[in-house]
Amino acid sequence: MTAGTDRPAALGEAAASALNAGLATGRVGTRQAAAALGRALAGSPDVTCRAGALARDLAAAAAGRPVAQPARGDTRFSHSAWRDNPCYARLGQAYLATERAISDLVEQADVDWQTRQQARFAATVLTSTLAPTNTLPGNPAALERAASTGGRSLLRGARNLLTDAWAGQRIPRQVDARPFRLGENIGATPGAVVFRNEVVEIIQYTPATPRVQAEPLLIVWSLINRYYVLDLAPGRSFIEYAVSQGIEVFVTSWRNPGRQQAGWDLDTYAAALVAAMDAVAEITGSLRIGTMGLCAGGQLLAAVLAHLAARGDDRVAHVTFGVSQLDMSVPSVAGLVIAPPLPGLARLATRATGLVDGRDTAAAFAWLRPGELIWNFWVSNYLMGEDPPAFDILAWNADATRLPGAAARQLLAIAERNLLATPGGITLLGTGIDLASTDLPSYVVGAETDHLVPWQGAYRTTQLLGGEATFVLSGGGHIQHLVNPPGNAKARFRTGPRPGDDPAAWLAAAGQQQGSWWGHWAQWVRDHSSGDRPAPGTLGSRQHPVAEPAPGRYAKQK
């Protein structure tokens with residue numbers, strides 16, 4: 001879950017003061033995280049000993065003796081100059097020793113989890129920013145490239161920097177999106193818009209099998225970003241796969257709001273979702289539907305399901321949640337954005353601008369992994385003079401959307417006070433929400449290396465809802481596990497017993513399976529279906545005719 005933030009610093013300021021820019025939550029956020037780092041360092045039990053050890057390591061590095069090694073997978077110091085050149089060897093060893101010392105002090109500090117999370121964040125931003133490889137003199141690979149190209153790499157890097165600055169980039173460009181054309185080589189599974197109101201379009205996909213499951217599936221995508229990450233290139237599309245398994249698929253494509261929609265709140269989105277459910281039922285003639293909520297869409301879906309349950313509406317047959325965190329008490333990176341005083345500042349920002357700019361949100365999330373998502377591209381784009389890669393997931397990630405300020409403030413309050421997990425904590429469409437009233441079979445997916453929703457946070461969903469729950473732990477991260485087609489030799493997932501209170505106990509009893517969780521999920525859907533029926537020969541209905549081919553209008557709206 002994300003919330004409104006102050007605008008991050010421009011690229012020029014990031015170059016001069018990357019720590020301030022990196023936090024992407026304004027200068028007060030910088031001071032807050034820095035204060036947490038200070039408390040963590042002060043709370044470390046052997047800070048004096050560690051300081052002495054660091055001093056000895058720095059002295060040894062200055063004398064040319066090795067004292068530290070890059071972490072596994074850290075390629076910043078792979079150039080031979082870091083081993084063979086005395087100056088670079090000493091510089092690299094001094095940096096690595098300092099990085100290790102700061103990290104060790106934070107991990108050993110006697111502080112609460114939220115302070116530790118903020119301190120880790122600040123320490124990571126600080127140490128990644130101080131890396132000598134971020135500068136031209138401190139990067140022998142970039143200097144070598146400049147020499148071999150007669151300085152042309154530096155000219156290309158300057159061009160890239162100016163282009164990004166002119167385009168208002170918050171962070172270095174991560175992708176060359178030009179090869180990807182929505183509706184042609186991404187988001188291209190055959191289908192059509194069969195419902196549209198001012199908030200959402202519903203896309204129905206053309207069946208690929210002669211018979212389909214009796215209950216259609218409505219996928220509720222996040223209010224943030226666009227749905228087509230579920231429909232990337234053929235062979236890597238979750239929607240394409242679901243259709244191939246005889247599931248009649250519908251998906252939400254939310255409108256990208258402008259200033260006129262700044263007052264949209266969660267009731268606005270919930271009412272649109274209920275209307276979409278009505279449309280899906282009318283089009284298919286099915287009295288019951290399956291549902292799937294992903295990321296922040298899972299939070300909206302969970303609340304709507306509790307609203308329907310309170311009304312005695314049993315139209316939903318089953319529900320799947322993918323990397324959605326309904327209980328914010330589980331430690332996560334959300335602790336970085338819901339700790340005082342940031343919530344108050346975020347509310348003021350959304351009232352002033354009316355909207356949360358998706359580019360700010362993307363920048364904030366990128367700075368959670370600054371080495372990989374910020375400085376890696378800083379070096380390659382600007383110092384090496386390379387163009388960013390053409391990669392479909394990164395192209396989707398760069399296609400940012402906005403969020404209405406009213407909804408953003410509500411989502412922030414829910415996260416800040418854990419209201420969704422509290423019976424009666426929020427009211428939706430006039431109904432006090434109690435997730436336990438949702439008596440449905442549920443399939444809940446977590447991801448092992450998810451840096452946004454820890455898998456233990458996803459697991460907690462199994463304890464909040466009524467009905468029998470199945471939990472699956474996928475390998476990969478937040479988006480990687482969604483783009484996880486069968487056939488990937490490296491893919492794996494874990495299944496286990498019926499989830500209890502303790503996620504560690506579930507993990508200990510779980511068994512690992514090779515491959516994608518998609519097939520396991522498709523079988524679960526079949527097991528919870530009331531049968532099958534002939535696939536429809538056309539899309540839409542007389543009441544809800546086809547409006548236009550997929551991916552529709554809202555997916556392309558700037």
Side-chain angles (χ1 to χ4, degrees), residues 14-23 29-142 333 335-336 367-376 378-379 451:
S17 182
L19 180 57
N20 281 344
L23 292 173
T30 303
R31 291 195 296 269
Q32 182 188 10
L37 178 58
R39 290 195 298 274
L41 297 180
S44 189
D46 59 348
V47 62
T48 302
C49 294
R50 285 286 173 180
L54 175 58
R56 289 191 294 273
D57 284 344
L58 293 177
R65 295 193 297 273
V67 294
Q69 291 294 323
R72 184 176 181 180
D74 185 352
T75 61
R76 293 175 297 176
F77 302 95
S78 59
H79 192 277
S80 59
W82 294 107
R83 299 184 302 275
D84 301 336
N85 182 290
C87 292
Y88 279 120
R90 286 168 168 79
L91 177 63
Q93 287 296 301
Y95 168 77
L96 290 171
T98 303
E99 181 184 48
R100 182 180 62 190
I102 293 174
S103 176
D104 288 349
L105 285 170
V106 169
E107 294 306 313
Q108 295 168 10
D110 183 17
V111 292
D112 62 90
W113 71 264
Q114 194 170 72
T115 299
R116 190 184 307 280
Q117 284 280 70
Q118 292 174 324
R120 283 174 180 160
F121 176 43
T124 300
V125 172
L126 176 63
T127 56
S128 66
T129 299
L130 292 176
T133 49
N134 298 334
T135 69
L136 184 61
N139 193 315
V333 298
L336 300 175
W367 277 99
L368 295 173
R369 293 187 292 172
E372 176 185 354
L373 298 179
I374 304 293
W375 294 114
N376 175 50
W378 177 278
V379 170
H451 69 292

* To do: Answer yes or no: is there a donor N or O on one side and an acceptor on the other, between the side chain of T75 and the main chain of S78, under 3.5 Å?
  => no
Taken to the nearest 0.5 Å, the spacing of D57 CG from R100 CZ works out to 5.0 Å
Here the gap from T127 atom OG1 to L130 atom CG, rounded to the nearest 0.5 Å, amounts to 7.5 Å
Contacts satisfying ring-ring contact (aromatic ring centres under 6.0 Å, His included) that involve residues 83-108 (not counting sequence neighbours) are F77-Y95, W82-Y88
Review point. Are P70 and R76 side-chain neighbours, meaning at least one heavy-atom pair lies under 4.5 Å?
Key: no
Note: S128 and G371 closest approach over all heavy atoms is CB-N, 4.3 Å
In this structure, CG of L54 is separated from CD1 of I102 (nearest 0.5 Å) by 8.0 Å
- Item | Side-chain donor or acceptor of D84 paired with backbone N/O of A89 under 3.5 Å | no
Between A123 and V106 the two heavy atoms that sit nearest each other are CB-CG2, 4.2 Å
Heavy-atom nearest pair, N134 first then V379, reads OD1-CG2, 4.0 Å
Residues A97 and A68: closest non-hydrogen pair is N-CB, 4.1 Å
In this structure, NE2 of H79 is separated from CG of N85 (nearest 0.5 Å) by 10.0 Å
- Message: Contact between V67 and L58 at the side-chain level, heavy atoms closer than 4.5 Å - yes or no?
- Response: no
All heavy atoms of A61 vs all of Q93, minimum pair found to be CB-CB, 3.8 Å
dist W367:CH2 -> T124:OG1 (nearest 0.5 Å) comes out at 11.5 Å
Output for pair (Q108 CD, S103 OG), nearest 0.5 Å, gives 9.0 Å
_Before you tell me yes or no, could you show the steps for D104 and E107 under side chain to side chain contact (heavy atoms under 4.5 Å, CB included), namely the whole-Å CA-CA distance, both residues' side-chain angles and the distance that decides it to 0.1 Å?_
CA-CA 5 Å; D104 288 349; E107 294 306 313; 5.8 Å; no
